[in-house]
*Asks:* 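Mind looking over this structure? Questions follow.
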Amino acid sequence: MSYTHRVDRERRLICKAGLALGAVAVLPACGDGTTVAAACSSSSVGVGNAADVPLNGAMMHPTPQANVFVCHDANGFYAVDAGCTHLGCDVQLANAADLKQGFTCLCHGATYDANGEKPTSPAPAPLKHYLLCAQPSGALVVDVTQAGVESTVRLKV
Ligand code: FES
């Protein structure tokens, strides 16, 4: 079995296992649009409750490592680093009542879309996404040791 085939087979198995577990957190990877269960580490930090983040809203939470926006769109919840990728100022919601308007950085004017993507100058890169997990109570935790989560990943609560 070639490496590619082995990886594809393992990926499918992980996808099936993740779905069977009822995923408390999600990562992308199943090319068919499904998701994979992933666990937040013990160093995760509480970032409020899912019920506190309205649809098309976001709330910023300080953590020891970074300020993090917990965002809620029609597909679910996700966690975005508030640190602008230019020089690290915290971004803000462009419109506090509407996540769809994206983020803006008041330091030098960079903007990002609601997913933290499509950065405008002088920001060189999209905002980082972190792994977000939910506890049975609806409490959310973010694992900032797991950055680089794909921007399309959403946590269903
Ligand atoms: S730090 Fe955000 S635009 Fe410069």
Side-chain angles (χ1 to χ4, degrees), residues 7 11 14-15 18 23-157:
V7 169
R11 192 172 170 178
I14 291 169
C15 290
V24 294
V26 292
L27 282 176
C30 314
D32 58 359
T34 56
T35 53
V36 175
C40 286
S41 74
S42 59
S43 58
S44 299
V45 177
V47 285
N49 195 295
D52 297 332
V53 187
L55 181 61
N56 297 318
M59 296 183 69
M60 189 165 79
H61 295 270
T63 76
Q65 296 87 359
N67 290 332
V68 176
F69 277 100
V70 175
C71 305
H72 183 192
D73 69 10
N75 296 314
F77 295 84
Y78 57 103
V80 175
D81 191 323
C84 179
T85 58
H86 178 222
L87 293 177
C89 293
D90 279 345
V91 299
Q92 302 179 356
L93 286 170
N95 179 335
D98 187 5
L99 172 64
K100 291 179 186 174
Q101 301 299 312
F103 299 93
T104 185
C105 180
L106 298 182
C107 287
H108 310 100
T111 62
Y112 304 82
D113 71 11
N115 211 19
E117 296 186 320
K118 299 180 180 168
T120 61
S121 180
L127 300 174
K128 285 186 291 190
H129 281 237
Y130 294 115
L131 183 60
L132 184 66
C133 301
Q135 298 175 338
S137 64
L140 300 175
V141 296
V142 65
D143 188 348
V144 296
T145 67
Q146 297 192 51
V149 171
E150 287 187 33
S151 63
T152 55
V153 171
R154 296 294 182 268
L155 173 68
K156 308 284 188 190
V157 176

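As the structure lists them, so they are numbered: ligands from 1, and atoms in each ligand from 1.
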*Asks:* For ligand 1, which atoms, with element, lie under 4.0 Å from some heavy atom of A110?
*Replies:* 3 (S)

*Asks:* Please give the atom name: the N, O or S atom of H86 nearest to atom 4 (Fe) of ligand 1.
*Replies:* ND1

*Asks:* Could you tell me whether C105 approaches ligand 1 through its side chain, its backbone, both or neither, with non-hydrogen atoms closer than 4.0 Å?
*Replies:* side chain

*Asks:* Can you confirm whether Y78 sits close enough to V149 that some side-chain heavy atom of one is under 4.5 Å from a side-chain heavy atom of the other?
*Replies:* no

*Asks:* Between T120 and T111, is there a donor-acceptor pair closer than 3.5 Å when you use the side chain of the first and the backbone of the second?
*Replies:* yes

*Asks:* Using a 4.5 Å cut-off on heavy atoms from C-beta on, say whether the side chain of D52 contacts that of M59.
*Replies:* yes

*Asks:* H108 vs H86 aromatic rings, parallel, tilted or perpendicular, using cut-offs 30° and 60°?
*Replies:* perpendicular

*Asks:* Specify the protein heavy atom at minimum distance from atom 1 (S) of ligand 1: its residue, its atom name, and the distance to 0.1 Å.
*Replies:* L87 N, 3.3 Å

*Asks:* Within ligand 1, which atoms have a heavy atom of C89 less than 4.0 Å away?
*Replies:* 1 (S)

*Asks:* To make sure I understand the geometry: which N, O or S atom in H108 is closest to atom 4 (Fe) of ligand 1?
*Replies:* ND1

*Asks:* Keeping D143 on the side-chain end and L131 on the backbone end, is there a donor-acceptor pair under 3.5 Å?
*Replies:* no

